[in-house]
There are 2 protein chains.
Amino acid sequence: MNQTLIDQKFESYLRSRSLKLTPQRWRIFERAFATHKHFSAEQLYAWMAEEEGPKVSRATVYRTLSLLEEGGFIESLDTGGGEIVYEHVLGHGHHDHLICPDCGRICEFREPRIEKLQREVARSQGFTLESHSLRLMGRCASCAESLGDLG
Amino acid sequence: MNQTLIDQKFESYLRSRSLKLTPQRWRIFERAFATHKHFSAEQLYAWMAEEEGPKVSRATVYRTLSLLEEGGFIESLDTGGGEIVYEHVLGHGHHDHLICPDCGRICEFREPRIEKLQREVARSQGFTLESHSLRLMGRCASCAESLGDLG
DNA sequence: TTTAATGCAAACAATTTGCATTGTG
DNA sequence: CACAATGCAAATTGTTTGCATTAAA
């Protein structure tokens with residue numbers, strides 16, 4: 001999915017809900033799609049402050065992030081560090097995460113067999129599965145290495 | 001594992017770290033093991049306030065909860081609702097959770113096949129798996145029912 | 001011109017921390 | 001008696017909200 005198409009999706013999403021396309025929304029939206037890394041609300045606010053463009057307040061950052069999440073443009077991930085991070089989702093497929101608590105690195109992975117088992121588990125307990133969050137925590141290769149024999 | 005044995009573990013854990021066995025620690029510890037449900041720090045503090053026994057402050061609740069978690073006596077679970085809940089762990093086996101966002105119900109399940117796949121995934125990405133958190137979110141049977149055809 | 005969005009600052013909720021006081025080992 | 005733990009209240013952190021003002025549609 002190319003950027004133009006995503007832009008159109010966003011525009012039509014706003015229109016369909018009679019929401020307004022403001023400069024700050026546009027800026028936040030673009031910035032979220034400009035990075036392929038995970039970012040927090042605070043990080044995004046910092047970008048808004050240091051990069052040039054129309055002024056964006058902290059409140060608007062939070063509000064727009066929620067909006068983008070509801071619209072399915074971004075997804076949130078609770079890393080467990082008390083901070084929620086986001087990633088854009090269009091053009092991506094679903095995936096889960098491996099997190100290194102030492103360096104904060106986040107890797108993505110796909111494992112359809114796990115997804116399948118999840119559906120089975122939910123069904124067997126009478127739940128209608130709506131979503132899931134799977135985080136694997138562990139030391140990544142480079143942290144393990146830099147620790148030498150001490151880790 | 002019976003209660004007496006757990007008590008001993010706690011005592012020896014404290015001793016091994018030259019920590020003191022205070023009335024409030026004991027009370028919190030006992031209360032955490034007296035319930036088989038998940039509870040939040042705030043909930044536990046409320047219990048301390050309404051049930052009788054030595055006075056326990058909020059700060060001590062939080063401090064002791066961390067202590068118990070470090071010692072492996074309890075485990076924390078982020079339900080995604082901005083609140084962390086705990087459950088005691090001794091005598092339990094490892095398990096993951098199904099959470100109903102509507103009523104807050106939390107169910108436990110075990111699925112060794114998922115665990116196995118997780119280890120494979122981590123290994124394949126060069127991570128040393130230390131822990132994981134898997135939450136399945138979905139509507140539980142009774143919430144689905146009470147919604148009728150509206151959900 | 002209608003209706004939604006913004007910015008700001010105050011409000012919040014959950015948790016942590018500094019410090020004087022108290023109490024266990 | 002030494003050092004750790006408590007209580008309290010103030011401080012933090014991440015996020016939300018009320019409201020007057022501004023600006024899309």
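To find a chain, count down the sequence lines: A is the first, B the second, and so on, and within it residues start at 1. Note that the coordinates shown come from a computational prediction; the quantities given were computed from them, not determined experimentally.
At D:dT15, none of the side-chain N or O atoms of A:R58 fall inside 4.0 Å of OP1 or OP2 (strictly under the cut-off). Residue A:Y62 places at least one side-chain N or O closer than 4.0 Å to OP1 or OP2 of D:dT15.
In this structure, B:V85 and B:Q43 have side chains that are not in contact, with every pair of non-hydrogen atoms separated by 4.5 Å or more. Side-chain contact between B:E42 and B:V61: absent, with no pair of heavy atoms (C-beta onward) separated by less than 4.5 Å.
The two residues B:R25 and B:F10 come nearest to each other via the heavy atoms O-CE2, 4.1 Å. Taking both residues in full, the closest heavy atoms of B:Y86 and B:S76 are given as CE2-CB, 3.6 Å, listed atom of the first, atom of the second, then distance. Nearest heavy-atom pair across B:G138 and B:P101 is O-CD, 3.4 Å. The shortest heavy-atom contact between A:C140 and A:R105 is SG-NE, 3.9 Å. For the residue pair B:K20 and B:L14, the shortest heavy atom distance occurs at O-CD1, 4.2 Å.
One atom, OH of A:Y86, and another, P of D:dG14, lie 13 Å apart when rounded to the nearest Å.
Cluster annotation: A:I84 and A:F73 are assigned to the same hydrophobic cluster (Ile/Leu/Val/Met/Phe/Trp/Tyr, side-chain heavy-atom contacts under 4.5 Å, transitive).
Remark: side-chain polar atoms of B:S66 are paired, donor with acceptor, to backbone N or O of B:Y62 under 3.5 angstrom.
Among the atoms of the strands shown, base atoms are found under 4.0 Å from some heavy atom of A:R63.
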Quick one: what's the B/S/- string for nucleotides 20-25 of chain D, heavy-atom cutoff under 4.0 Å, read 5' to 3'?
---BBS
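Between A:K116 and A:E120 there is a salt bridge, since a side-chain N of the basic residue sits under 4.0 Å from a carboxylate O of the acidic one.
Taking 4.0 Å as the cutoff to heavy atoms of chain B, we find the contact window on DNA chain C bounded by C:dA14 to C:dG25.
Between A:F33 and A:F29, the ring planes are tilted. Angles from 30° to 60° get that label.
Mapping A:R25 and A:A59 onto DNA chain C by nearest heavy atom places A:R25 closer to the 5' end of the strand.
Of the residues in residues 64-77 of chain A, none has a non-hydrogen atom less than 4.0 angstrom from any atom of DNA chain C.
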